[in-house]
Visitor: 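First the structure, then my questions, so here it is.
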2 protein chains.
Amino acid sequence: MCYNRRKMAKKRAYHHGNLRQALVREAARTIKSHGVDALTLRAVGGRLGVSRTALYRHFTDKAALLAAVAREGFQQFRGNLEQAWTDGGRGFAGFEAMGLAYLQFALRNRAHYRVMFGGFKELCGRDSELEADAESAFQVLVGALVTLQQSGDATPGDPVELARFVWAASHGVAMLTIDGQLGPDPAAGEALMKLSIGRLKTALSRA
Amino acid sequence: MCYNRRKMAKKRAYHHGNLRQALVREAARTIKSHGVDALTLRAVGGRLGVSRTALYRHFTDKAALLAAVAREGFQQFRGNLEQAWTDGGRGFAGFEAMGLAYLQFALRNRAHYRVMFGGFKELCGRDSELEADAESAFQVLVGALVTLQQSGDATPGDPVELARFVWAASHGVAMLTIDGQLGPDPAAGEALMKLSIGRLKTALSRA
DNA sequence: ACCTGAACACCGTTCAAGT
DNA sequence: ACCTGAACACCGTTCAAGT
């Protein structure tokens, strides 16, 4: 495990080979299972067998740690959307699969999703690459719309504007579901997403 | 000012005639101008010339105070939507006006809007009437869709489902705008809302 | 009833000090 | 370079005590 460390720790070389990565991973785990409010630097440090101030060697502050968590989220999010679109065949079926994958990611990573979007502006000031990761996820949707336009399934026009419209609708469905605004029925979110995708098809395919 | 108090304060009867209302108002003011993170019980109490624990006579905890703030928000929100729909003539023009009023409320009350939606589920456990206030605002949208269906401007179907779709799209536009995800252009939110309303008309008026 | 003041158990962050 | 431990300035909440 530790044998390929640079200098073969004489006594006990601090803690990790990569504390930074361990911190992000542990923070993401905590957020996922107990919510962002449960994320304390003391807890995450303690769970890694490290002082609560060790993190300041790798991040300027708690917000910077959260920004790293958000980046990781956007990367995974992007992958999920891309895969749904591709596996769905890059047509309207793929479009629908992408919408369901969108909701699924938000539902399975509620707190993580909230960090990604809720604190976005503030977190962008802590990690200059966060914006690019978010943009990269968004571009999957833009690319899909360009394809739908080329095949004549979607009306012409700025694909970025159309993508923002679809994104907003999806984001709204996800947020209302996560925030519990659709009532106690656990299937309400998926039902709303399916209905929304159907209506979005109409909105996209006709002038 | 104080002359119509019940017993004409002999020395200095505590503080307010209605501390509860003053607390909600002051909390809303603080949230509006400095964000929800700046809302500390010490500050809101101090600004009213009251101990930081005085609030526990009127609310079970900080969350209950926030729930009251959220309720006040939904009531005002409902009024704004209703007025836009009515002044707009209760047709597609009113529908568009309602969408713009929705965004305007969210933009002018960013932090307040976040409290209303972001903490909804948790806050519902603190104030049993919060859900009814939120539902009341939502019903304005449902009523509008029923009217549009009756005039033949919207397709038949469960108006609640349609309203949820429109609501999600509006909420998504509002959240993306508030969270700074549409880029630095301050007009991006309104542009997206206008485009969205146009597409929603298409989605609603055709099968 | 309504409010206070001290106390409690938490936070994130800073900084001199250790290896 | 990397990490620690004590200290600082905050929190929300509880509770005995005052009027």
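The analysis underlying the following values was restricted to heavy atoms, covering all of them including side chains, and did not include hydrogens, waters or symmetry mates.
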Visitor: Rounded to the nearest angstrom, tell me the gap between atom CZ in Arg20(B) and atom P in dC3(C).
Guide: 13 Å
Visitor: Name the stems with DNA chain D in them: runs of three or more consecutive Watson-Crick or G-U pairs, distances under 3.5 Å?
Guide: C:4-8 with D:12-16, C:12-16 with D:4-8
Visitor: Check the distance between dT14(D)'s C1' and Lys62(B)'s NZ and give it to me in whole angstrom.
Guide: 17 Å
Visitor: Could one point to a donor on the side chain of Arg42(B) or the base of dG12(D) with an acceptor on the other under 3.5 Å away?
Guide: yes
Visitor: Round to the nearest Å and state the distance from Leu55(B) atom CG to dT14(D) atom P.
Guide: 11 Å
Visitor: For Leu39(B), does its backbone N or O pair with a side-chain atom of Lys62(B) as donor and acceptor, under 3.5 Å?
Guide: yes
Visitor: Going by atom types alone, do Glu135(B) and Gln139(B) pair a side-chain donor with an acceptor below 3.5 Å?
Guide: yes
Visitor: For the side chain of Tyr56(A), counting heavy atoms from C-beta on, which of dC2(D), dT14(C), dC3(C) is nearest?
Guide: dT14(C)
Visitor: Whole-Å distance between dT13(C) P and Asp61(A) CG?
Guide: 5 Å
Visitor: In whole Å, what is the span from the CG atom of Leu19(B) to the P atom of dT4(C)?
Guide: 9 Å
Visitor: In whole angstroms, how far is the P atom of dT13(C) from the CG atom of Leu39(A)?
Guide: 11 Å
Visitor: Just say parallel, tilted or perpendicular for the rings of Trp167(A) and His171(A), cut-offs at 30° and 60°.
Guide: tilted
Visitor: By nearest atom, which of the nucleotides dT4(D), dT4(C), dC2(C) is closest to the Val50(B) side chain?
Guide: dT4(C)
Visitor: Without decimals, in angstroms, what is the distance between Arg52(A) CZ and dC15(C) P?
Guide: 16 Å
Visitor: Given dT13(C), dT4(C), dC3(D), identify the nucleotide with an atom nearest to the side chain of Thr53(B).
Guide: dT4(C)
Visitor: Arg57(A) has an atom CZ; how far is it from atom C1' of dA17(C), in whole Å?
Guide: 12 Å
Visitor: So, does Asp158(A) use its side chain to make a donor-acceptor pair with the main chain of Val160(A) at under 3.5 Å?
Guide: yes
Visitor: Is there a donor-acceptor contact under 3.5 Å linking the side chains of Thr155(A) and Arg199(B)?
Guide: yes
Visitor: Can you check whether His58(A) has a side-chain N or O nearer than 4.0 Å to OP1 or OP2 of dC3(D)?
Guide: yes
Visitor: Can you label the angle between the Phe77(B) ring and the Phe117(B) ring as parallel, tilted or perpendicular, going by 30° and 60°?
Guide: perpendicular
Visitor: Tell me which nucleotide among dT13(C), dT4(C), dT13(D) gets nearest to the side chain of Leu41(A).
Guide: dT13(C)
Visitor: With a 4.5 Å cut-off on side-chain heavy atoms, are Val166(B) and Phe95(B) touching?
Guide: yes
